[in-house]
Amino acid sequence: MFEPVDSRQSFPKLEEEILEFWKRHDTFKKSVEARPEEKTYVFYEGPPTANARPGVHHVLTRAFKDLFPRYKTMRGYRVPRKGGWDTHGLPVELEVERELGIKSKPEIEEFGVEEFNRRCRESVFRYVQEWAKLTDRIAFWIDMDDPYVTYHNEYIESVWWVIKSLWDKGLIYQDRRSTPHCPRCETSLSDAEVALGYKENTPDPSVSVKFRLTEESMAALGDKLPAGGATYVVAWTTTPWTLPGNTALAVKPDATYSVFEVEGDRIVVASERRQDVPEDATEVATLAGSALVGLHYEPLYEPLSWGVPASWFDAAEDGRLVSVDDLGTVENGYVILGGDFVSLDDGTGVVHVAPAFGAEDFQMGKENGLLFIQPVDLRGNMPDGSPWAGQFVKDADAGIMGDLTERNLLLKQGEIKHTYPFCWRCDTPLLYYAKPTWYIRTTAVKDRLIESNEEINWYPEHIKRGRFGDWLRNNVDWALSRERYWGTPLPVWECTSCGAYQCVGSRADLRERAADAAAVEALDDFHRPYIDRIELKCADCDGVAKRAPELMDVWLDSGAMPYAQWNYPHENQEKFRANFPADFICEAVDQTRGWFYTLHAEAVLLNSVGEAPEPLAFRNVICTGHILDEKGRKMSKSLGNAADPWEVIDQTGADALRWYLYTATRPGDARRFSIKLVQESLRRFFLTYWNTYSFFVTYANLDEFDPTKSGPGERTDLDRWVLSELNALVKKVTEGLDEYDPTTTGRAIQDFVEDLSNWYVRRSRRRFWRGELDDDKVAAYQTLYTCLVTVAKLLAPFAPFVAEAVYRNLVCAVDKGAPESVHLSDWPEAEAELVDQALMDETRLVMRVVSLGRAARQKSQMKVRQPLARVAVMVRAAVEATALKKLEDQVLSELNAKELVTVVGAGVSSEAGGLSVEELMAGEPPWDHLAVAEDDAGYAVAVDTRLTPELADEGVARELVHRLQNLRKAAGLEISDRIVAYHGDSERVAAVLATHGDYVRAETLADELVAGDPPDGATAEPVKIEGNEVTLAVRKA
RNA sequence: GGGCGAUUAGCUCAGCUGGUUAGAGCGCGGUCCUGAUAAGACCGAGGUCGGUGGUUCGAGUCCACCAUCGCCCA
């Protein structure tokens, strides 16, 4: 016997019970360990940070992360799933800063790095319980008991090994370059981080600034200019605060520049870019850009007088910066340069060059021996001696513009809205600063990065050559260092005497190089400030080496996860080899430049130095799209439109949520989300499946049907059809999941379940309902049983709870030898010999014809309960007519008719061959007894609405059955209860029952049909039979 | 400014390598059916397949350009 099934089952409640079962039986662990170690499918968990609550978008990726490991497990693979936590980095520090109410690095130093980092360590697991709870509740099976944690010493040790491996091959270097810098966090950011923080429509000043040529340069222009007043070259910028750092201008040598006379002055702009020049200004001359090259101009400001140091790129020192006291000694101070990069698409055709800020500016400085002046500190404030002392640069813009206006050096002042980068965590506008930064030379392996990307399957596919491929093609060296506190320390020490660097790759390495080995032995935390206290012996001299103060980019941590999760190579060498590379990873698409890149880059780099066995870290990757709210807006905390996963799970259950996420759109597309849509997936799919299951259990229990104790029975066409569809489905789902496509496969399962319920079961109901357990009934049970169980298995990776519930009841209840969980069972094999394409096509045709037939009946206003004599069908080909004849039972019983006639139409329309549908199907007129429905494809169905007395009697009999069944239901009787029925004193009813009494008794499980009034206690109802009122009643026998 | 993706019914989505008829679900109005079903069937309203050109015997589908939205980059 099967457990009775509640057709009104609460799914959230059911899921809680299943969770309990899994916990009790340790099912996850068993599911991993039941599979052979030598057949491993490798999954990498991209580590989340547990310092904030998980949201729906985390459920999205976790749903996909869970599906494929479950599927592969059922396919016989061992799929270990080690959890992990990302614990370092700026987001963590920011959270702690907020708690402490502090805002800057000096405040952290004052507070104490030791205590600060202790708090960071505590805060990263603040919401770990929430994460664990949600992970568990949505049935994302992952090992949370033994996760990798990026702050563990063992993890850090592996990250050091990564750096050391690259260091030894010269792939790590320090350089002073223009680097995106967050003035609030006082640290550099990587390109990947910058990419996370672009904001559109950011307003900035747009100013055209006049630079006055020196007297000498004006003179040098000589006869190219008519005599007149001062001459100004006009440059355009959106960052007035960089103007004190200006040390050069650049023009396009082959462009034409115009000289305009404005209020006695002359101003020079590119001829194509005169939009800022007053319209009434007269052009007094034109010049080639090359004529301006080499001229000098007066600086706008004198930062040296504010106490700002100056230096210059000294060619004699290989372009290194050398400090300078007298600007006049530098030949290329405040000079106009030629540059082909100068654009005539915007601005004035003259570019303001400040080597301390822009990347190109810095490069130009180096190439041309320019002055280098950095009049802004690392917190983004103007220097003390300046008129804007202590102001944040963006605030100083206004003052600078005001000053320039007063001095009549501003040609035009406006506002521009453009896209500008902000710090991805603290939202401060980023500044580009030239400062020393450590880099990984990823450009050295750029070709290999691109090449091995070809081996990766991307879903959606366009990411491979699109977003990710582009990123690789535009690869720049990875800015590695961060000037912060909570993170993996850069394992580089610098000699205080000779400046030599050394890099450390492990604890043992550190001990060996240390000035005091005992101090390393005693070191139980590799973080700052402890690590900073370790000093090394210099390898080159007698000096002492101190650690470079920087930390590493937190993204290096996560990209090192394939090695560091095992503390490789210091331990677990076998484990590492068995688990590299990953077969499958899955994250949101924003990880393209994040984890996907760092995993890939580190694998390629390590492979290039002979340390990783393959130049790729993952073979298959699914990128999920963003989740939007109901109105298509991105979900965000600030908008307050982020959906709470718990609300959905509590209402509909996790399976429904998962199902929605799999089937609503392809994984990579952005998707609108609302609880309504999840509820729809619950109703449309789960309830249909559940009720089919509940139906089976109800009747199987009544018949004491045991699938293990009976043969296949005698299959009908209907059985063969649904088994054919089932096996076609198994094939489709298997192939689909092998191609990492849960969306179309999920939809296919959904379609099958709908057919199973709304065709197979509907058409088969009577077989379950009546009579003994004969061969036909057995076939029906076996067929439905097979369908339900097979679907449960197909469903297991998608909807692990419902699949488990159905499987446990249908399989474990009767087969004690079966695995105790669907997740321990094997994936079904498609039986190709059961797939009958012709039968499936024929059945589709039947469905189509039946649908048309219902439309015809609708038109006739004749109840479907009333049997009709004849239904005529026009099909398009003779084979279709044959097929319909073969399956005529199904057509006739669905349409409640006695006889099926088929006609082959000439093709497209009812007018084919000059004959109407009526003529084609019914022969002679008149046809007023026909109700006809046709479609555009060339099919038509007509029903004959003439009733014989026999048909009318049968209609009455069926009407009585219908009414009595309703009464049974109203009386609250069990399906198997027997009754006595009463039908008043109607002659008409009595006459019908004389011929159809057996039928009515059988249908309603009536022992007796009594004419006359019901006794007290019976459930009664007056009904109209052919217009006459009759009181019907039932009572339990 | 460049790249990628999207644009099909009020909403959520299907429409394979171009091929007779553009579909489903939800929602709305109506009719019917029902002893598995919070279900189902049928009818109805609702579509310039984002726009404009082009290739072709034939374009929702291929190409070009444009528009809008999203993401990414500069």
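Residue numbering restarts at 1 for every chain, and letters A, B, ... go by the order of the sequence lines.
Aromatic pair A/W555/A/Y597: centroids not less than 6.0 angstrom apart.
With RNA chain B read from its 5' end, the first of the two nearest nucleotides for A/N758 and A/S694 is the one closest to A/S694.
Among B/rA38, B/rC4, B/rG3, the nucleotide with an atom closest to any side-chain atom of A/H462 is B/rC4. Listed nucleotides B/rA38, B/rG70, B/rA36 differ in distance to A/S757; the shortest reach to its side chain belongs to B/rA36.
Looking at A/Y760 and A/D719, their side chains do bring a donor and an acceptor atom within 3.5 Å of each other. Side-chain polar atoms of A/N453 and A/R465 form no donor-acceptor pair below 3.5 angstrom.
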For side-chain hydrogen bond (donor to acceptor under 3.5 Å, both in side chains), just list the numbers for A/Q750 and A/W659, CA-CA rounded to whole Å, side-chain angles, deciding distance to a tenth of an Å, and then say yes or no.
-> CA-CA 10 Å; A/Q750 190 160 293; A/W659 190 257; 2.6 Å; yes
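Both key distances under 3.5 Å define a Watson-Crick or G-U pair, and stretches of 3 or more such consecutive pairs in RNA chain B run B:1-7 with B:67-73, B:10-13 with B:23-26, B:28-32 with B:40-44, B:50-54 with B:62-66.
You'll find the side chain of A/V697 reaches within 4.5 Å of the side chain of A/L810, heavy atoms only.
Between A/Y781 and A/F705, the ring-plane angle classifies as parallel under the 30° and 60° cut-offs.
Phosphate contact (OP1/OP2 of B/rU34, side-chain N/O of A/H962, threshold under 4.0 Å): present. Side-chain nitrogen and oxygen atoms of A/Y693 include none within less than 4.0 Å of the OP1 or OP2 phosphate oxygen of B/rA36. A sub-4.0 Å separation between OP1 or OP2 of B/rC4 and a side-chain N or O of A/R465 is absent.
Remark: the A/R593 side chain and the B/rC72 base include no donor-acceptor N/O pair separated by less than 3.5 Å.
B/rG18 and B/rA64 have their P atoms separated by 16 Å, with the value rounded to a whole Å.
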